[in-house]
Amino acid sequence: MKQSPPPVTATTANWTSSKPPLLRFLHECHAEFLAETGGAVANYIPELGKADPAHFGISLATLDGHVYEIGDTKVPFTIQSMSKPFVFALALDSLGAGRVESVIGVEPSGDPFNSIRLNAENHPFNPMVNAGAIACSGLIHAARGNGAFECIRQALGRFAGRELGVDEAVYASESATGDRNRAIGYLLRNNSVITENVPAVLDVYFRQCAILVTARDIAVMAATLANRGINPVTGEQVMTPYAIARTLSVMTSSGMYDFAGEWIYRVGIPAKSGVGGGILAALPARLGLGSYSPKLDKHGNSVRGIKVCEALSAHYDLHMLNRSDDARHSIIADYNIGKNPSRRVRRPQEQEILAKHFQEVRVIELVGTLSLSNVDYVSRRLAGGLRPQFVIFDLRRVTATTRAGARLISEAFKELAELGVTVILSGIKRTSREWTTISEWTGRLGNIRDFYLLDAAIEWAEDQIVYRYGGSIDFLETTELSEQPLLAGLTEEELTDLASRCAIRTYQPNEKIIAAGDPATSLFFLRSGVVHVTLPDGVRLATLTAGTAFGEMALLEPQRSADVLTDMSATAYELPIADFAHFRKQHPRACELIMRNLAMLLANRLILANAKVDLLTST
Ligand code: GLU
């Protein structure tokens, strides 16, 4: 028996409530690893032993600021060692790398987190083990005195995007029992790594470890690390990219205690764990993950948290060293103005020049990131063709520019300038981040032009070609009806009759001649000046100069579909449709010619429009 298909409305109704696949995956991980009951809650800090071993939360923050959550993601727990990367970043940013590196190393120790061993220079091995972290807190204390902890709390809050509090009970508990850390503190002072009051430094350290976070907070903090220091939820640049990159480096080599080597080998995502049961994983340029489950393995890492990270990395193939990129996708279209002229309607003399010299203007439309490899590829593609006089780089689909990409593109621009090629940028606003990054390098060159609209850029380059090859564009020139392509083939007598039915109109700059939506009761022949046709949403369809017609669709349609405005003062012959009907009765041959001319003009426009679509789909 034939079954009827399910009603369409049922599917569409479910759509909004369906889970994005990444959230679905996290749900599956949560369900699967909930059954994992191995490990033990840390109790060397007595208060930590009170944690509920059943708690399990996973949160993932994307770099566009979306946060996925499953399970106990709102349960607060102490950040413990996950504070270390952030305090290290803070020290780098506020005290300078030189000061920090003079007392703290960046080599993995291979030791447990609370090892009392120092390196050959009697410095902590790295800032991710207790000795290095206490040294970092000592540096902040030396600079900020009693304000040190508050400074740390606020910095961590900026990473999380909210004010963070302290678990006073855990703080008191560690402060009462943390003699091993005190021993490390005195060892550091003995070696002049700390020159301060050791109890005060330890107090900062214990407090920073007792800062309360949730799995969600950790995900956002991790995403901020993954996003070159910009919190993707608040948009704040929390730390410099320099400090963030250094921090991620030590997380990569030393973040997971004496499991760090194995971790980066298997999972390949910079991470840090804390004895409170949290794991923070930051995959640069991709995501931040926060998990919370208090039972720890023998290395001090959350058992379930490790499983989540391993599963995420394996399932989506996220190992950071398992990457490739194809620069050839960075060019979406590459053409000259022969295939894709501007929307400016050109006079016959201009058309002739442009038809001869169309190869002088090359347009390259770019997409994605201006990275080292993408710009390198573009520069080689450019060198491959004939050398044009103008190159337009359309950047409207460029989403990011790396510093390497900006530097390389500025070097390419410089070389083009030396060869006498003019560079034009389009699709980029001077207020955009891309502009700032690029102009950081190109600022001194000064030979770059920019137009927000690609069409305006092409039009400007065309004008330059017209001027260079002897053409002139006389905006003040007045044309006659006989020069109108729409009226080509009409006899002098027919033209005179038509002219007698027209009124001559004069317009001020920026005046609206035709408004979209109005009844189309006349057509116009531009005598002098420049007008443009735009859609109500602001898209410029065409620029017209003297000698061309507009509003001619009134011959076919009863209503105006676009606005026509003057660019400068202009004059036009206006022919009412009613008068055209009388003219038609007297001159049927002329009217047939006009309709044929109109069909030709429309066909040409269609050919151009198709070519534009083709350019994008075929490259
Ligand atoms: N406050 C803890 C300690 O220093 C942090 C340890 C950790 O999370 O690894 O013992």
Side-chain angles (χ1 to χ4, degrees), residues 39-51 76-88 104 108-117 124-138 140-141 149 152-153 156 164 166-188 194 198-199 201-213 215 217-218 221-222 250-251 254-260 263 271-281 290-303 305-306:
V41 175
N43 59 8
Y44 75 100
I45 300 173
E47 194 66 21
L48 286 184
K50 294 183 183 166
F77 60 97
T78 53
I79 192 169
Q80 299 298 340
S81 276
M82 290 184 298
S83 63
K84 291 169 181 169
F86 302 103
V87 179
F88 178 59
I104 304 170
S109 67
D111 286 340
F113 69 97
N114 56 4
S115 163
I116 305 192
R117 199 163 66 95
F125 280 89
N126 64 66
M128 299 296 113
V129 291
N130 284 11
I134 294 168
C136 258
S137 307
I140 306 278
H141 188 266
F149 173 67
I152 289 173
R153 192 186 68 83
L156 266 61
L164 300 174
V166 172
D167 187 326
E168 291 296 336
V170 173
Y171 157 72
S173 179
E174 183 166 19
S175 182
T177 56
D179 287 341
R180 194 178 172 95
N181 283 330
R182 279 198 185 87
I184 293 174
Y186 285 105
L187 180 64
L188 293 175
I194 291 181
V198 174
V201 171
L202 264 293
D203 195 65
V204 171
Y205 175 72
F206 291 146
R207 274 189 180 280
Q208 96 188 29
C209 288
I211 285 177
L212 281 167
V213 288
D217 291 328
I218 289 300
M221 296 171 90
V250 286
M251 281 168 66
S254 318
M256 299 298 276
Y257 308 127
D258 43 343
F259 187 59
W263 174 264
K272 184 75 200 88
S273 64
V275 291
I279 292 187
L280 167 155
S291 77
Y292 171 53
S293 171
K295 283 188 154 185
L296 310 181
D297 64 14
K298 63 175 196 295
H299 303 287
N301 297 320
S302 164
V303 174
I306 293 270

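Order of listing sets the numbers, starting from 1, for every ligand and every atom in it. Everything numeric here is computed off the predicted structure, so don't read it as measured data.
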- Task: Begin from the C-alpha positions of Thr78 and Asp167 and carry the test side chain to side chain donor-acceptor pair (under 3.5 Å) through to its verdict.
- Result: CA-CA 7 Å; Thr78 53; Asp167 187 326; 6.0 Å; no

- Atoms in ligand 1 flagged as close to Val275, the criterion being non-hydrogen separation under 4.0 Å: 6 (C), 7 (C), 8 (O), 9 (O)

- If you measure from the Lys or Arg side-chain nitrogens to the Asp or Glu carboxylate oxygens, is any gap between Glu174 and Arg207 under 4.0 Å? no

- Within a distance under 4.0 Å of any heavy atom of Gly274, pick out the atoms of ligand 1 and give their elements. 8 (O)

- atom 4 (O) of ligand 1: closest protein heavy atom, distance to 0.1 Å, is Tyr205 OH, 2.6 Å

- Task: For ligand 1, indicate whether the residue Asn114 contacts it via side chain, backbone, both or neither (heavy-atom separation under 4.0 Å).
- Result: neither

- Task: Check whether any side-chain heavy atom of Met256 lies under 4.5 Å from a side-chain heavy atom of Lys272, and answer yes or no.
- Result: no

- Single hit among Asp217, Leu156, Leu280 for side-chain contact (heavy atoms from CB on, under 4.5 Å) with Ile79: Leu156

- Show your reasoning for whether side-chain contact (heavy atoms from CB on, under 4.5 Å) applies to Arg182 and Phe206. CA-CA 10 Å; Arg182 279 198 185 87; Phe206 291 146; 3.7 Å; yes

- Within a distance under 4.0 Å of any heavy atom of Glu174, pick out the atoms of ligand 1 and give their elements. 1 (N), 2 (C), 3 (C), 4 (O), 10 (O)

- Task: Before signing off on this row, confirm whether Gln80 and ligand 1 have an N or O atom pair separated by under 3.5 Å.
- Result: yes

- Note on the structure: What one should report as the nearest heavy-atom pair of Val275 and Leu296 is O-CD1, 3.5 Å

- Message: Can you tell me if Phe206 contacts ligand 1 (heavy atom of the residue under 4.0 Å from the ligand)?
- Response: no

- Looking at Val201, Leu187, Val129, Val198, which one forms a side-chain contact (heavy atoms from CB on, under 4.5 Å) with Ile134? Val201

- Which atoms of ligand 1 have any heavy atom of Asn181 under 4.0 Å away? 3 (C), 4 (O), 10 (O)

- Any side-chain heavy-atom pair from Phe149 and Val166 closer than 4.5 angstrom? yes

- Item | Protein heavy-atom partner closest to atom 10 (O) of ligand 1 - residue, atom, separation in Å | Tyr44 OH, 2.4 Å

- Task: Provide the number and element of each atom of ligand 1 under 4.0 Å from a heavy atom of Cys209.
- Result: 1 (N)

- Query: Between Asn130 and ligand 1, which part of the residue brings a heavy atom under 4.0 Å of the ligand: side chain, backbone, both or neither?
  - Reply: side chain

- Could you see which bit of Ser81 sits under 4.0 Å from ligand 1, with heavy atoms only: side chain, backbone, both or neither? both

